[in-house]
Amino acid sequence: MRRWDLINAFINACGYESYLEIGLSKGKNFNRIDCSLKDSVDPAEGKYAGSNPKYKMISDDFFEKVAPGLGYNYDLVFIDGLHISEQVDKDIHNSIRYLNANGSIVLHDCNPIDE
């Protein structure tokens, strides 16, 4: 099962309609998500600059400057951004603030580097 299969299974099983992806990379996952409202956040720098996220900024700026004015929250947030534990913790905390009741957060790449 691929990550987009798991995410789409959540969307279908729970009737989710809104999706946020933090860390778009090349868009391989995002483009396979079947949800009526899809947003993406990525600074789009370096080798993935062609991914074309909806919000070209770091997730901290998105949650501080954009999310409060959107007028909606998300049913599912997929966190695959900056792979540093402090940033992942901030993304989880910020995502919870903009998560609908009964929403879900899916994390990718959360294996520790060492014990």
Side-chain angles (χ1 to χ4, degrees):
M1 179 178 274
R2 304 273 190 184
R3 58 184 173 252
W4 52 82
D5 295 324
L6 176 69
I7 292 167
N8 282 324
F10 271 108
I11 291 168
N12 292 328
C14 299
Y16 289 161
E17 297 180 358
S18 55
Y19 171 79
L20 172 65
E21 184 164 316
I22 300 171
L24 190 60
S25 185
K26 294 179 182 177
K28 183 178 180 180
N29 182 73
F30 186 80
N31 293 330
R32 289 175 169 87
I33 301 303
D34 186 22
C35 200
S36 54
L37 187 150
K38 298 189 327 182
D39 288 342
S40 56
V41 177
D42 196 298
E45 296 174 357
K47 62 183 176 180
Y48 300 129
S51 65
N52 199 26
K54 183 171 183 179
Y55 299 101
K56 294 180 182 182
M57 59 183 59
I58 62 172
S59 58
D60 290 346
D61 288 346
F62 171 78
F63 285 116
E64 180 183 333
K65 300 172 184 175
V66 176
L70 288 175
Y72 56 85
N73 289 338
Y74 297 98
D75 293 318
L76 194 146
V77 179
F78 178 56
I79 300 175
D80 190 20
L82 189 59
H83 300 132
I84 297 171
S85 61
E86 292 82 11
Q87 185 60 48
V88 174
D89 290 344
K90 288 185 351 183
D91 285 340
I92 293 168
H93 176 75
N94 284 325
S95 294
I96 290 170
R97 292 176 37 222
Y98 294 96
L99 194 66
N100 287 325
N102 298 314
S104 300
I105 296 174
V106 176
L107 301 171
H108 187 252
D109 297 331
C110 54
N111 294 334
I113 295 172
D114 56 37
E115 289 184 45

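All residue numbers refer to positions in the sequence shown, counting from 1.
- For D39, the salt bridge (charged side-chain N to carboxylate O under 4.0 Å, His left out) criterion is met by K54, not counting sequence neighbours.
- I96 and Y19 are not part of a single hydrophobic cluster, where members link through side-chain heavy atoms under 4.5 Å apart.
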Atom pairs and distances, side-chain donor-acceptor, residues 57-64, under 3.5 Å, sequence neighbours left out:
from : atom 1 : to  : atom 2 : distance (Å)
S59  : OG     : Q87 : NE2    : 3.3
S59  : OG     : D91 : OD1    : 2.6
D60  : OD1    : Q87 : NE2    : 3.0
D60  : OD2    : K90 : NZ     : 2.9

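- Under a 3.5 Å cut-off, the side chain of R97 and the backbone N or O of H93 do not form any donor-acceptor pair.
- Between S40 and I22 the shortest side-chain heavy-atom distance does not fall below 4.5 Å.
- In this structure the side chain of I11 reaches within 4.5 angstrom of the side chain of I33, judged on heavy atoms.
- N8 places no side-chain N or O within donor-acceptor distance of the main-chain N or O of D5, the cut-off being under 3.5 Å.
- Under a 3.5 Å cut-off, the side chain of D80 and the backbone N or O of G23 do not form any donor-acceptor pair.
- Two residues are said to be in side-chain contact when any heavy atoms from C-beta on lie closer than 4.5 Å; L37 and E17 fail this criterion.
- Scanning all heavy atoms of the two residues, the minimum distance from C35 to S18 falls at SG-N, 3.5 Å.
- Within a 6.0 Å radius of CG in D34, other residues, nucleotides and ligands contribute 12 heavy atoms or fewer.
- In this structure, CG on L76 lies 10.0 Å from CD on E21, to the nearest 0.5 angstrom.
- One distance of note links CG of L6 with CZ of R2; it measures 13.0 Å at 0.5 Å rounding.
- Residue N52 comes nearest to L24 through the heavy atom pair C-CD2, 4.0 Å, listed as atom of the first residue, atom of the second, then distance.
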Between side-chain atoms of residues 98-107 and protein atoms elsewhere (two or more places apart, or another chain), which donor-acceptor pairs fall under 3.5 Å?
from : atom 1 : to  : atom 2 : distance (Å)
N100 : ND2    : D75 : OD1    : 2.9
S104 : OG     : Y16 : OH     : 2.7

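- The cluster map of Ile, Leu, Val, Met, Phe, Trp and Tyr, joined by side-chain heavy atoms under 4.5 Å apart, puts V41 and F30 in different clusters.
- Residues K56 and D42 form no side-chain contact, since every pair of their non-hydrogen atoms from C-beta on lies 4.5 Å or further apart.
- In this structure the side chain of Y74 reaches within 4.5 angstrom of the side chain of V77, judged on heavy atoms.
- The closest side-chain heavy-atom distance from I79 to S95 is below 4.5 Å.
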